[in-house]
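Report on one structure; see the data block that follows.
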Amino acid sequence: VLSEARGAPAAPESLRCEGLAAPLGIDRAQPRFSWAIPPGDRGLAQSAFRVVVAGSPDALAADRGTLWDSGKVKSNQSQWVSYAGSPLAKGSRCWWKVRVWDQNGASSPWSAAAFFSVGPLSASEWQGEWIGADWMKNNEGPLPWLRKTVTLEKVPATATAYVCALGYFELYVNGRKVSDDVLTPAVSDYGKRGLYLTYDITKQLVKGKNCIGLWLGRGWSVGALKKAGTVGPMVKAEFDLTFDGSAPLTIATDATWKARPSHITPLGRGTSGSYGGEMVEAEKEVPNWSEADDDDSGWRSAAVHHPPTPVLAAQMMEPNRALDEIHLASVKPLGDGFLLDMGRNYTGWFELALPDDVKRGTQINMEFADKQLPDGKFQVYGQRSVYVARGGGGERFHNRFNYAAFRYALVKGLPRAPKPEEVKGRLVTTDYERGATFSCDHPLLNKIYDMICWTYKCLSLGGYTVDCPH
């Protein structure tokens, strides 16, 4: 009888903490770990595991679990294994790895190292105040820019930002947006829960003068924003810096921050039939508003607000991102404007480059429709945006703090029809990790699968998959 030679299992892969790859700022004191075992010999099964968690990559490389060493645990569990080591606290930076044993007792190599960090575990661990605008009434008016300048004697060893907004936000450091997530944070009831995100901004800060900027949007639901108040979106943020050989520094939102209306004003009520969009007044734009050297002497003090929101929690899900590009399929005259067909329905952003000869003050009106009705009218649900040109060429409209679900763009105010290269769409969706793929030799089944995936992505926003893009 010939025995089949069996090798040791391969190193575990797809390491996840709280279901996420290398998450920053989790809010669980006892996080849970998951991993996958690569395919191997027939009958391969995990019989035991060992998880090591360390406070530095060097300790992990030496197999020293300075925070937790589970030892060899006889178990086939590879999902949601709970941490049981030294207490973790806000600011903890943790590296971990795992190895497994198969049904025959053969051990795998160690996995590659994975990382996670810990954010504020409760509202009491936050510093700073809720700040925003003092000019928005009934949650209407220009969206606020907020900024704070700080001078550093040297570059920090680490710099971590914790940002919780009731509404949307974008974080900037020294003139550059920190991350590629959009329409952040995910969906929550602003009157009950604010979701925060964590960013590593170490590389963005420099020795000398720095500027931290926050741009706020009305959020996923005006109805939900009303539960937090009527003064517009607001934000609580904390920036924790550490230095080699020096005391740490914390910068937090308060009345010393500066505020100014931006050039974007929300349109519509943000409700069914009046989803609205944005009015962009290009002449009011301040391109360098978040750069350290920009003159903010004319800015006002940020307003301090007191929302009823009792819970601040980490956003333990993937963020929204602008992913697939959608290109113009056709354009034709329609009344006193043009009908732009993007070729397929999608949920996301619309981008339009204006002809260079568009004059100052020209108003470009855009409506967005998912279909044309039998009577020839278009179903728009009040999805609309407006761009007011500054003149001089090089102008471009694109959404920032809202989105539309549409195939057709009805555009008025242009001196000529847009060229294909002047129009672009971007699918905006929660950037879920794909769990599996499908393909076969039947073209129709492949098309059905692609259609299902596209529909799923179009209906996944803010961490939810729903029946309607809005």
Side-chain angles (χ1 to χ4, degrees), residues 9-38 45-57 59-60 63-102 107-123 125 160 162 164 181 185-188 193-200 311-319 430-436 460 462-465:
E13 57 188 22
S14 300
L15 273 63
R16 300 291 182 267
C17 176
E18 288 299 307
L20 299 170
L24 298 180
I26 66 171
D27 63 351
R28 290 185 65 96
Q30 293 181 301
R32 297 162 294 178
F33 304 115
S34 304
W35 57 86
I37 304 172
Q46 176 185 303
S47 65
F49 68 81
R50 180 186 174 193
V51 174
V52 173
V53 184
S56 71
L60 188 74
D63 300 342
R64 291 189 290 111
T66 54
L67 296 174
W68 183 44
D69 188 337
S70 70
K72 183 178 180 180
V73 179
K74 293 183 178 181
S75 172
N76 63 359
Q77 184 179 1
S78 61
Q79 302 294 305
W80 305 104
V81 174
S82 293
Y83 174 85
S86 301
L88 300 177
K90 172 186 172 183
S92 295
R93 296 163 60 84
C94 310
W95 289 261
W96 69 283
K97 62 183 179 180
V98 60
R99 72 188 309 175
V100 300
W101 285 260
D102 68 11
S107 67
S108 74
W110 284 107
S111 68
F115 176 81
F116 69 93
S117 67
V118 181
L121 298 175
S122 67
E125 292 190 352
T160 304
Y162 305 110
C164 182
D181 52 316
V187 169
S188 71
R193 182 183 302 269
L195 298 179
Y196 73 82
L197 284 91
T198 302
Y199 302 95
D200 184 345
V311 176
L312 277 66
Q315 179 177 304
M316 300 304 296
M317 64 197 75
E318 295 87 346
T430 302
D431 194 13
Y432 295 129
E433 185 178 12
R434 184 179 289 269
S460 298
Y464 281 79
T465 301

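Given the structure is predicted, the values throughout are model-derived calculations rather than measurements.
Closest approach of T198 and T160 over heavy atoms only: CG2-CG2, 3.5 Å.
Legend: salt bridge (Lys or Arg N to Asp or Glu O under 4.0 Å) pairs involving residues 65-75, not counting sequence neighbours, sorted by first then second residue: R50-D69. Screening residues 80-94 for side chain to side chain donor-acceptor pair (under 3.5 Å) gives K90-E238 as the qualifying pairs, with residues at least two apart or on separate chains.
Partners of S117 by side-chain hydrogen bond (donor to acceptor under 3.5 Å, both in side chains), not counting sequence neighbours: none found. By the salt bridge (Lys or Arg N to Asp or Glu O under 4.0 Å) test, D431 pairs with R321, sequence neighbours left out. Contacts of S122 classified as side-chain hydrogen bond (donor to acceptor under 3.5 Å, both in side chains), with partners at least two apart in sequence or in another chain: S124. Partners of W101 under the ring pair (Phe, Tyr, Trp, His ring centres under 6.0 Å) rule, at least two apart in sequence or in another chain, do not exist in this structure. For N76, the side chain to side chain contact (heavy atoms under 4.5 Å, CB included) test picks out no residue, with sequence neighbours left out. Judged as a ring pair (Phe, Tyr, Trp, His ring centres under 6.0 Å), and not counting sequence neighbours, Y464 has no contacts. By the ring pair (Phe, Tyr, Trp, His ring centres under 6.0 Å) test, W35 pairs with F49, sequence neighbours left out. Residues satisfying the side-chain hydrogen bond (donor to acceptor under 3.5 Å, both in side chains) criterion with E18, sequence neighbours excluded, are R28, R32. Take F33 and apply the ring pair (Phe, Tyr, Trp, His ring centres under 6.0 Å) test, not counting sequence neighbours, and it matches W96, F116. Under the rule for a side-chain hydrogen bond (donor to acceptor under 3.5 Å, both in side chains), the partners of T430 that lie at least two apart in sequence or sit in another chain are N320.
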